[in-house]
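As structure tokens, the structure follows; a few thoughts come after it.
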Amino acid sequence: MSKFYITTPIYYPSGSPHIGHCYTTVACDAVARYKRAKGFDVLFLTGTDEHGQKIEDKATEAGLAPQAYADKIVNEFKKLWTFMNISYDRFVRTTDDYHIQTVQYVFEELYKRGYIYKSQYTGKYCKPCESFWTDSQLVNGKCPDCGRDVVETAEEAYFFKLSAFADKLQKLLESGNFLEPESRVKEMVNNFIKPGLADTCVSRTSFKWGVPVNFDEKHVVYVWIDALSNYISALGYHNDTYQDYEKFWPADVHVMAKEIVRFHSLVWPAMLMALDIPLPKKLYAHGWITMGDKKMSKSLGNVVDPFVLGERYGVDALRYEILREMPYAGDSVFVSELFLQRINTDLANNLGNLVSRTVSMVNKYFSGTLPQTRKADAIDTDLINFVKDIPAQVEEKINSMHLSDALEVIFNLISRANKYIDETMPWSLAKDENAKDRLATVLYNLLETIRISAILLEPFMPNTMPEVLHRIGANDDEKTWDSTYNFGTLHQDVTVNMGTALFPRINIEEEQKFLNPSGE
RNA sequence: CGCGGAGUAGAGCAGCCCGGUAGCUCGCCAGGCUCAUAACCUGGAGGUCGUUGGUUCAAAUCCUUCCUCCGCAACCA
């Protein structure tokens, strides 16, 4: 059996998870579910990156020990993933013992191999805030937090010889499709490699909340060696907790948002090269969910709270919306009105209503069970030919991470099915006693189209699609991914099940008031 | 001249790499239908494709000028 290893970044629990975290994670979840449906042995990893100054500070603010603070936020993440129906196989925390074991090994090994060396870290330091800032972070030369003066300070630190890998990295990025979309490659090469790749600081002595450097206890490992190592620590690379490294490494795809492309496309491959281990096959960097001209923040309240949105409109609707709206390469704008509109048009009117009207007709005209007799018509061929191409198209889109396009393809099929109802006018056929065979054929073709659509949609909407398949009376062996390639799989004398609306229509005006009480 | 991205119907986007007088979704208007979650189907109105100049028989698509917006520049998904 082929393996498939997909990862989200490990999230930084300095605050509660938000809709942005949801996009990355839901996207990975959809792909992971698709791969499982295709028969791959999937490992889907997510987790949290819990060390660093910021967590230490936040914990102090909250009057908690760093670990206790992290535990609290991590629970919120896990709660959200459960709520969002995320089928992750493993959850790695950088505070887990096995992870620390791996990080210490990696750090020491890089040191032994001469890729980590001791030097001086210089930066602007704000004494009252006890924080280092880079020149670019300063506001008018002052501390961005408190506005006071900063002083040039030097601190002993270890550095990773990123500069030694400049040529190799450039070659890696510019050849093939290691990093997508392509615009990111240009950013990395022009912004960082061409101007000269600087060695990167990988240890700190100014705070304690981190993995100790085992051969120099003043130091803790700083950010990226700690965080990036999660992708292999979670497989058991030089720790005893897991034994999956041989099987699952290299990763098939690391998914992330655009702001951490640098570390994944430069530091991470360089680390792996230095350790002489294989590189991940692909990095995919998506954009952000933005709020238009408004900053995404707590003050926006309901509009961006995934718990509120999922609770009120359904988790599948929320999953659908964020996956459908996010373009392959750019950002997406979250507009609550469009979100609600999309639920109504795509999910309620097109999909939900298609299932409803079809099941209802089988129920009405055949008491819920189709007869076996059939009578085909030329008009059916058009529909059937249309359906035939869809599964391959969807697979191609998912495999290349074009998830929005995959959904578009499936919804084109759903529209085609609605049109087929108008073309065949089953309500007319029902009035003609001699047209029963024909009527049964039309309804069967509709059920088949729905069956195939539902299977293709299941990775994206895993709550609702099993219910759709139940409504149309599909047996277990008629729910497999591969069966979507065979129009006519559903048993002929199928019995449907009536039910309430799968995606109830939303009163947009009212909901707008709920989501945007201030009327903005 | 730091780098990258974007400026296309009221809104959100595709098309641009491989030039041939614009396409999708929503909204709007008008028909059709009545199986269905007042849903569905058909048709229509609406854009001189940010700006300047150029290449070409022909440019949204290639080159150039300028303008505007967004992002990045050591840890916001």
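Chain letters run A, B, ... following the sequence lines, proteins first, then strands; residues in each count from 1.
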Expressed in whole Å, how much space separates the [atom1] atoms belonging to [N] and [M]?
| N | M | atom1 | result |
| --- | --- | --- | --- |
| U56(B) | A14(B) | P | 32 Å |
| C70(B) | C13(B) | P | 15 Å |
| A36(B) | A30(B) | P | 25 Å |
| C57(B) | U21(B) | C1' | 13 Å |
| G12(B) | G27(B) | C1' | 11 Å |
| U37(B) | G31(B) | P | 25 Å |
| A22(B) | C63(B) | P | 22 Å |
| G15(B) | C24(B) | P | 15 Å |

Practice prompt. Assess the side chains of R357(A) and N418(A): does a donor N or O sit below 3.5 Å from an acceptor N or O?
Written response: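 The answer is yes; a qualifying pair exists.
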Are side-chain N/O atoms of H286(A) and T24(A) paired as donor and acceptor at under 3.5 Å?
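H286(A) vs T24(A): donor-acceptor pair found between side chains.
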- prompt: Would you say the base of A39(B) and the side-chain of N349(A) have a donor-acceptor pair closer than 3.5 Å?
  reply: no
Any N or O donor-acceptor pair linking the side chain of Y12(A) to the base of C76(B) at under 3.5 Å?
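Result: no qualifying N/O pair found.
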[N] [atom2] sits how many Å from [X] [atom1], rounded?
| X | N | atom1 | atom2 | answer |
| --- | --- | --- | --- | --- |
| Y365(A) | A36(B) | OH | P | 7 Å |
| I289(A) | C76(B) | CD1 | C1' | 13 Å |
| I450(A) | U37(B) | CD1 | P | 14 Å |
| H402(A) | C24(B) | NE2 | P | 21 Å |
| I343(A) | U25(B) | CD1 | C1' | 16 Å |
| I414(A) | U37(B) | CD1 | P | 18 Å |
| L266(A) | A73(B) | CG | P | 13 Å |

- Message: For U42(B) and K419(A) - does any side-chain N or O of the residue sit under 4.0 Å from the phosphate oxygens OP1/OP2?
- Response: yes
query = With respect to the phosphate group of G4(B), does any side-chain polar atom (N or O) of N190(A) fall under 4.0 Å of OP1 or OP2?
reply =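 Yes.
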What's the closest nucleotide to the [X] side chain, out of [options]?
| X | options | result |
| --- | --- | --- |
| R505(A) | A36(B), C75(B), A39(B) | A39(B) |
| R357(A) | C41(B), C40(B), C76(B) | C40(B) |
| T200(A) | A74(B), U42(B), U25(B) | A74(B) |
| K364(A) | C35(B), A77(B), C41(B) | C35(B) |
| W427(A) | C35(B), A77(B), C40(B) | C35(B) |
| Q341(A) | C35(B), G27(B), C76(B) | G27(B) |
| H18(A) | C24(B), A77(B), C72(B) | A77(B) |
| F192(A) | C24(B), C72(B), U37(B) | C72(B) |
| H286(A) | A74(B), A77(B), C41(B) | A77(B) |
| K258(A) | G71(B), C35(B), C26(B) | G71(B) |

Given the options I260(A), I225(A), L228(A), W268(A) meets side-chain contact (heavy atoms from CB on, under 4.5 Å) only with L228(A)
So which of T25(A), T8(A), T7(A), I6(A) actually passes side-chain contact (heavy atoms from CB on, under 4.5 Å) with V255(A)?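 Exactly one pass, corresponding to I6(A).
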Exercise. How far apart are the C-alpha atoms of R312(A) and E511(A), what are their side-chain angles, what is the distance that settles it, and do they pass the salt bridge (Lys or Arg N to Asp or Glu O under 4.0 Å) test?
Worked result: CA-CA 10 Å; R312(A) 200 165 177 94; E511(A) 293 307 312; 2.6 Å; yes
Touch class at under 4.0 angstrom, heavy-atom based, for [X] against every strand present:
| X | result |
| --- | --- |
| D199(A) | base |
| N353(A) | base |
| Y23(A) | nothing |
| Y222(A) | base |
| A430(A) | nothing |
| L502(A) | base |
| S360(A) | sugar-phosphate |

Electrostatic pair [X]-[Y], nearest N-O below 4.0 angstrom:
| X | Y | answer |
| --- | --- | --- |
| K79(A) | E76(A) | no |
| R342(A) | E325(A) | yes |
| R438(A) | D432(A) | no |

Contacts of A257(A) and F503(A) projected onto RNA chain B by closest heavy atom; the upstream (5') one is F503(A)
Exercise for review: With RNA chain B as reference, determine whether E187(A) or T358(A) sits nearer its 5' end, using the nearest nucleotide of each.
Suggested key: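 Whichever sits nearer the 5' end wins; that is E187(A).
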I need the minimum non-hydrogen distance between [X] and [Y], along with the two atoms involved.
| X | Y | result |
| --- | --- | --- |
| W224(A) | V267(A) | CB-CG1, 4.3 Å |
| F460(A) | L323(A) | CD2-CD1, 3.7 Å |
| R505(A) | N349(A) | NH1-OD1, 2.6 Å |

Return the polar atom pairs (N/O with N/O) between nucleotides 7-12 of chain B and the protein under 3.5 Å, or none.
none

Self-check item: side-chain hydrogen bond (donor to acceptor under 3.5 Å, both in side chains) between E180(A) and Y328(A), worked out
Solution: CA-CA 9 Å; E180(A) 293 200 324; Y328(A) 179 68; 3.0 Å; yes
Cation-aromatic face contact K78(A)/F91(A), 6.0 Å, 45 degrees
yes
Original post:
Does NZ in K375(A) sit with more than 12 non-hydrogen atoms of other residues, nucleotides or ligands closer than 6.0 Å?
Top reply: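 No - once you tally the heavy atoms of other residues, nucleotides and ligands closer than 6.0 Å, there are 12 at most.
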Under the criterion side-chain hydrogen bond (donor to acceptor under 3.5 Å, both in side chains), I'd like the reasoning laid out for D382(A) against Y420(A): C-alpha separation, chi angles, the key distance, then a yes or no. CA-CA 9 Å; D382(A) 222 46; Y420(A) 177 75; over 6 Å; no
Can you check nucleotides 29-32 of chain B for protein contacts, nitrogen or oxygen pairs under 3.5 Å, and list what you find?
{"unit_1": "G32(B)", "atom_1": "N2", "unit_2": "D422(A)", "atom_2": "OD2", "d": "3.3"}

Base-pair string, RNA chain B, Watson-Crick plus G-U, cut-off 3.5 Å on both distances, | for inter-strand, is .(((((((.[[[[.).......]]]].(((((.......))))).....(..((.......))..))))))).....
